Number of protein chains: 2
Amino acid sequence: MAVSARRGAPLTLEEISTTALRLMDEGGVAGLSMRKLAAELDVNPMSLYHHVDNKEALLRVICSTAAQRLELPPDDGSPWQDQLRALAVAYHRNAMEHPALWSHLHDHPEIIQDRDLVLWRTLYRILRLAGVPEPELRRTSDVLHAFVMGFVIAETKGHLPDDPEEVERGFDTAIRLITRGVEGLTGLSPRPPTPPRTSQG
Amino acid sequence: MAVSARRGAPLTLEEISTTALRLMDEGGVAGLSMRKLAAELDVNPMSLYHHVDNKEALLRVICSTAAQRLELPPDDGSPWQDQLRALAVAYHRNAMEHPALWSHLHDHPEIIQDRDLVLWRTLYRILRLAGVPEPELRRTSDVLHAFVMGFVIAETKGHLPDDPEEVERGFDTAIRLITRGVEGLTGLSPRPPTPPRTSQG
DNA sequence: TCCATAGCCATACACCGTATGGCTGACGCT
DNA sequence: AGCGTCAGCCATACGGTGTATGGCTATGGA
């Protein structure tokens with residue numbers, strides 16, 4: 001019904017948010033404007049508003065779908081310390097793929113408030129494993145997420161020395177600090193001694 | 001020389017940045033515009049540019065003077081755990097007084113890169129006290145700052161439950177986590193047993 | 001006295017988000 | 001076949017933004 005004069009097919013929210021994300025990746029949050037986005041889609045700026053309430057809503061859509069599609073490692077039965085590290089690594093990797101997106105997300109934590117998100121479910125599971133008591137889960141997970149978020153921001157924005165090895169060491173320090181910290185929180189849940197390898201294969 | 005027609009005295013950088021900070025406090029970073037600021041000072045917008053290169057530079061001035069004026073507790077000889085907590089509390093209090101300012105600062109960590117800032121000097125001193133080896137000071141302090149920054153952002157932006165006691169508990173959790181984490185990092189520097197109270201009074 | 005210049009301002013440009021309202025053409029219904 | 005509805009799109013316009021350009025004016029030094 002009255003498809004764009006310049007394009008063949010009608011717009012879709014999917015197409016809009018995909019292109020918007022690309023613009024953000026290229027030029028940061030500031031690099032995304034409704035007008036540029038429309039130009040990129042070969043469409044009049046006002047056409048976008050038939051698929052999205054406003055710019056803020058568009059950003060919300062982009063961020064929350066990114067949060068929903070977060071790829072985190074499953075429970076592999078390993079010690080919680082290892083799983084916590086794996087979670088942090090995965091989160092970090094995801095964030096680094098779309099820094100501007102996560103930057104906006106970190107400025108608007110309410111977008112990932114939903115406790116059913118895979119991020120929180122995973123974090124809760126690991127913290128339970130670590131022995132964090134149930135009533136403290138919410139608080140502890142919030143604090144941990146705040147920490148990781150802070151680290152990601154610092155890495156994204158700051159010029160942490162260009163040396164990627166140094167960044168790696170910083171990340172390692174952060175993880176060790178968090179892990180020890182959680183151990184300290186829960187009284188005593190030190191890492192179990194690595195079991196003697198069953199010689200197989 | 002050709003003072004403003006509408007005002008008596010000439011503008012000063014001091015006056016500009018003070019008013020700008022007030023606007024930020026009232027309406028966030030978005031609430032500060034060169035035009036509003038000029039209106040507030042009863043001056044033409046372009047007059048500002050004789051005292052400041054551009055908006056970004058103005059923000060940089062505001063943030064870095066705030067960082068330089070950070071009021072942190074002095075070395076009182078108490079255990080490093082207590083001093084670390086006191087540092088965090090002070091930082092947190094400062095940040096909460098001007099959330100928008102610190103929000104911008106956290107988006108531009110390069111502004112407080114200077115290792116001679118009181119923030120870093122204090123943090124280094126405490127970490128040395130905690131036994132962090134010299135070559136790790138930079139890394140560790142960066143990580144710790146990232147953590148605190150993450151917490152401040154979460155508290156500022158997120159709707160951490162309105163209950164201030166709950167926020168307080170969250171802060172406490174964060175500090176304990178960090179402290180235990182640092183203890184874990186440095187091998188062994190547990191808190192010294194509190195000396196038996198000399199019964200006085 | 002004259003001039004350089006600090007301080008200020010008027011105008012203008014390019015950009016932004018978006019309110020308003022109108023066009024077009026596909027669809028369901030009679 | 002005729003008609004109305006409405007999704008999709010677009011043209012125009014408004015009020016906001018940062019700031020480049022260039023001109024005015026009063027003051028200090030020479």
Side-chain angles (χ1 to χ4, degrees), chain A residues 1-63 100-101 103-104 107-108 111, chain B residues 1-63 100-101 103-104 107-108 111:
Chain A
M1 330 185 169
V3 151
S4 164
R6 325 187 226 177
R7 301 161 29 97
L11 278 178
T12 65
L13 181 57
E14 178 74 19
E15 190 184 6
I16 289 177
S17 54
T18 301
T19 310
L21 178 53
R22 181 165 55 78
L23 285 184
M24 287 179 71
D25 286 345
E26 290 169 6
V29 190
L32 169 64
S33 85
M34 299 301 272
R35 295 170 120 104
K36 275 190 214 159
L37 176 55
E40 203 75 13
L41 292 166
D42 200 15
V43 140
N44 184 285
M46 291 314 290
S47 301
L48 300 174
Y49 288 85
H50 270 265
H51 303 263
V52 158
D53 268 6
N54 50 42
K55 187 181 182 180
E56 193 53 38
L58 172 56
L59 285 170
R60 203 162 46 237
V61 167
I62 300 175
C63 286
L101 185 159
S103 172
H104 181 82
D107 264 13
H108 298 265
I111 296 179
Chain B
M1 337 184 165
V3 150
S4 164
R6 325 188 227 178
R7 299 162 30 96
L11 278 178
T12 65
L13 182 56
E14 177 74 20
E15 189 183 7
I16 290 177
S17 54
T18 301
T19 309
L21 177 53
R22 181 165 54 78
L23 286 184
M24 286 179 72
D25 287 344
E26 291 170 6
V29 190
L32 169 64
S33 83
M34 299 302 271
R35 296 169 120 103
K36 277 189 213 158
L37 175 55
E40 204 74 15
L41 292 166
D42 200 14
V43 141
N44 184 284
M46 290 315 289
S47 302
L48 300 174
Y49 287 86
H50 271 263
H51 304 262
V52 158
D53 270 5
N54 51 43
K55 186 180 183 179
E56 192 54 37
L58 172 57
L59 286 170
R60 202 161 47 236
V61 168
I62 300 176
C63 287
L101 186 159
S103 171
H104 181 81
D107 263 13
H108 298 264
I111 297 179

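Every chain is numbered from 1 and lettered A, B, ... according to where its sequence line falls, protein lines coming before strand lines. In this text the structure is predicted, and so the values were computed from the model without any measurement.
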* So which heavy atom on A:L11 is nearest to which on A:H51, and how close? -> O-CE1, 3.4 Å
* To do: State, yes or no, whether a side-chain contact exists between B:V29 and B:M24 at a heavy-atom distance under 4.5 Å.
  => yes
* Structure fact -> Closest of D:dT19, D:dA11, C:dC9 to the B:N44 side chain is C:dC9
* Residues from residues 52-61 of chain B sitting under 4.0 Å of DNA chain D, heavy atoms only? -> B:N54, B:K55
* Asked: To the nearest Å, how far apart are A:E15 CD and D:dG8 P?
  -> 13 Å
* Between B:R60 and B:E56, is the closest basic N to carboxylate O distance under 4.0 Å? -> no
* N/O (side chain, B:H51) to phosphate O (OP1/OP2, C:dA6) under 4.0 Å -> no
* To do: Respond yes when some side-chain nitrogen or oxygen of B:S47 is under 4.0 Å from OP1 or OP2 of C:dG7, and no when none is.
  => no
* Starting at atom NE2 of A:H50, determine the distance to atom P of C:dT18, rounded to an integer number of angstrom. => 14 Å
* Asked: Taking atom C1' of D:dG8 as reference, at what distance in whole Å does atom CG of A:D42 sit?
  -> 15 Å
* Asked: Do A:H108 and A:C63 touch side chain to side chain, with heavy atoms closer than 4.5 Å?
  -> no
* Tell me which nucleotide among D:dT19, C:dA19, C:dC8 gets nearest to the side chain of A:M46. => C:dA19
* To the nearest 0.5 Å, what is the distance between NE2 (B:H50) and CD1 (B:I16)? -> 11.0 Å
* Tell me, with the steps shown, if A:L58 and A:L37 meet side chain to side chain contact (heavy atoms under 4.5 Å, CB included). => CA-CA 11 Å; A:L58 172 56; A:L37 176 55; 3.6 Å; yes
* Can you sort out which residues in residues 30-40 of chain A have a heavy atom within less than 4.0 Å of DNA chain D? Ascending by number, please. => A:R35
* If you measure from OG1 on B:T18 to CG on B:L13, what distance do you get to the nearest 0.5 Å? -> 9.0 Å
* Asked: Whole Å only: how far is the OH atom of A:Y49 from the P atom of C:dT20?
  -> 13 Å
* From B:T19 atom OG1 to B:D42 atom CG, the distance as rounded to the nearest 0.5 Å -> 11.5 Å
* **Sub-4.5 Å side-chain heavy-atom contact between B:V61 and B:V52** => no
